[in-house]
Amino acid sequence: MKIACTACDYSAALDRAVHPCPSCGEPVELHYDPGEIDPAAAIAGQGRQQGILSDLSPVLPPFAPTERVSLGEGGTPLVHLSRLGRRLGLPNLFLKYEGANPTGSFKDRGTAVALTQAVRTGYTLAGTVSSGNMAASVAAYAARAGLECHIMVPAHLRPEKVFTIAVYGPKLYRVEGDYSELYRKALALGRERGIFFAVSDEPFRVEGQKTTGYEVVRDLARLGLAPTHVFNPTSAGGHTAGLLKGFEEMAEYRAIATKPAVVAVQAAGCSPIATAFARGETRITRVEHPATEAHAIQNPFPPSGNRVLRALARAGRGAATAVTDEAMRRAQLALAHGEGLFVQMESAASLAAVEEWRGAGRLGPSDVVVLIASGSGLKNPGAFAPSDFPVADVRLDDLRWAIK
Ligand SMILES: *Cc1c(COP(=O)(O)O)cnc(C)c1O
Ligand SMILES: [Zn+2]
């Protein structure tokens, strides 16, 4: 097992926290030697709901049970969307409900692996740079592990979001200035001060993020199905990179016959990866004026953007695509009204993209389509105004007449 660059020939032993590549600046990742992981065993496992570090240990670094920093992440429901699927002519439409994770988003998978690695390599300080879900996740797991935690958030973060992070007791810094510059600076300061920054594409975090893909394959296999398409809301690109890495591993070890097409879904108002993909370019261009309310997928210069483009090219299928805020909101309400699932607006981007692809004939009834719903709608109740949903105010004596 070693650390290797996703773009150049650089590699390093695992005893240091190296990230990103000191030679070319692109993300590094974990490389396993043949036989060090066992994807077939991971897929055949039962999913005992004891956290990914236990349930999916065959495809993760060999952590001792006593070293695990876990809150029981993963093992999230794979929900069959029968009603929406019928409407769309997709009888095999499924949703992976990542809102069921301990802090309400898929970030907990990566945080569990990253902070376990931090603790076992002797770090006492952890941190991250985030505008929401990642910050809450790292703060929670740092509290769990007894690590001192340093969280950097952008200056404009809404107060109701700040509480969801601050409640875990981290040192919280609201930073004025360019967000992608903040990412680079924080990593440099982390190296200097001994802070393990569990950022979006930190290599151990990506090992955790790949487990979403393993669970999708495992849970569908029990129904006698295999995924043909996986749609994933994408910002920094860590989750999509993890999914692609997981499917590559499964195919390489012949645990699956064919890899599903992974579709990275971005917001039309900030879509550096989808734009580069549409133009056939191999490198992303910074988005100068992001214009979307979907803040969780609003990274104008995603650190794993080029890497996702490389992985999609290597996979030979899959795509990056963009949807409007309006389509996301419609999809969010369709999931709540039609299936009883309240997901974050950003998470509904995957359904919005599926609707578009189905309309364009890019998906058919024989496809097995999985929407990754990255986070819970309860994370962001402020997204709605009281007037969005009419409520009848009634006196008790009039209730009889009010029910219509
Ligand atoms: C972080 C996040 C994303 C984007 O994930 P990346 O790994 O940054 O691409 C999407 N949806 C939600 C709800 C998130 O919290
Ligand atoms: Zn490199």
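Heavy-atom basis, side chains included; hydrogens, waters and symmetry copies ignored. Both counts, for ligands and for their atoms, begin at 1 and track the order of listing.
- Sorted by first and then second residue, the salt bridge (Lys or Arg N to Asp or Glu O under 4.0 Å) pairs with a member in residues 198-207 read Glu207-Lys210, Glu207-Lys245; sequence neighbours excluded.
- Of the heavy atoms in Ile297, only side-chain atoms (C-beta onward) come closer than 4.0 Å to ligand 1.
- A side chain to side chain contact (heavy atoms under 4.5 Å, CB included) with Pro170 is found for one member of Leu147, Thr128, Val138, Ile165 and no other, namely Ile165.
- Protein atoms of type N/O/S that fall under 2.8 Å from the Zn ion (ligand 2) number 4 in this view.
- Contacts between Ser200 and ligand 1 below 4.0 angstrom, taking non-hydrogen atoms only, are absent altogether.
- From the protein, the heavy atom lying nearest to atom 14 (C) of ligand 1 is Lys107 NZ, 2.9 Å.
- The side-chain heavy atoms of Ser137 and Thr103, taken from C-beta on, include a pair separated by under 4.5 Å.
- Judged by the 6.0 Å and 45° rule, Arg286 forms a cation-pi pair with Phe301.
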Margin query: Is there a side-chain hydrogen bond (donor to acceptor under 3.5 Å, both in side chains) between Thr6 and Arg307? Walk through the geometry before answering.
Written below: CA-CA 7 Å; Thr6 58; Arg307 173 216 212 150; 4.5 Å; no
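- Near Ser235, meaning under 4.0 Å from any of its heavy atoms, are these atoms of ligand 1: 4 (C), 6 (P), 8 (O), 9 (O).
- A pairwise comparison of heavy atoms in Ala276 and Leu309 identifies CB-CD1, 3.7 Å as the closest pair.
- Across all non-hydrogen atoms, the minimal contact from Ala241 to Val206 is C-CG1, 4.3 Å.
- The proximity of His239 to ligand 1, defined as any non-hydrogen pair under 4.0 Å, involves the side chain as well as the backbone.
- For atom 8 (O) of ligand 1, the closest non-hydrogen atom on the protein side is Ala236 N, 3.0 Å.
- Between Thr234 and ligand 1 there is a heavy-atom distance shorter than 4.0 Å.
- Residues Pro102 and Glu73 share a closest heavy-atom pair of CD-CA, 3.6 Å.
- Here the CG atom belonging to Leu220 is positioned 10.0 Å from the NE2 atom belonging to His80, to the nearest 0.5 angstrom.
- Looking only at protein heavy atoms, the nearest one to atom 11 (N) of ligand 1 is Ser374 OG, 2.7 Å.
- The option with the heavy atom closest to atom 6 (P) of ligand 1, from among Gly237, Ala241, Ser137, is Gly237.
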Next item on the list: Could you check Arg283 against Glu281 for salt bridge (Lys or Arg N to Asp or Glu O under 4.0 Å), going step by step and ending with a plain yes or no?
Entry: CA-CA 6 Å; Arg283 297 184 78 82; Glu281 291 167 356; over 6 Å; no
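- Distances below 4.0 Å separate heavy atoms of Gly238 from the following atoms of ligand 1: 6 (P), 7 (O), 9 (O).
- More than 12 heavy atoms of other residues, nucleotides or ligands sit less than 6.0 Å from atom CZ of Arg317.
- Looking only at protein heavy atoms, the nearest one to atom 5 (O) of ligand 1 is Phe106 CZ, 3.3 Å.
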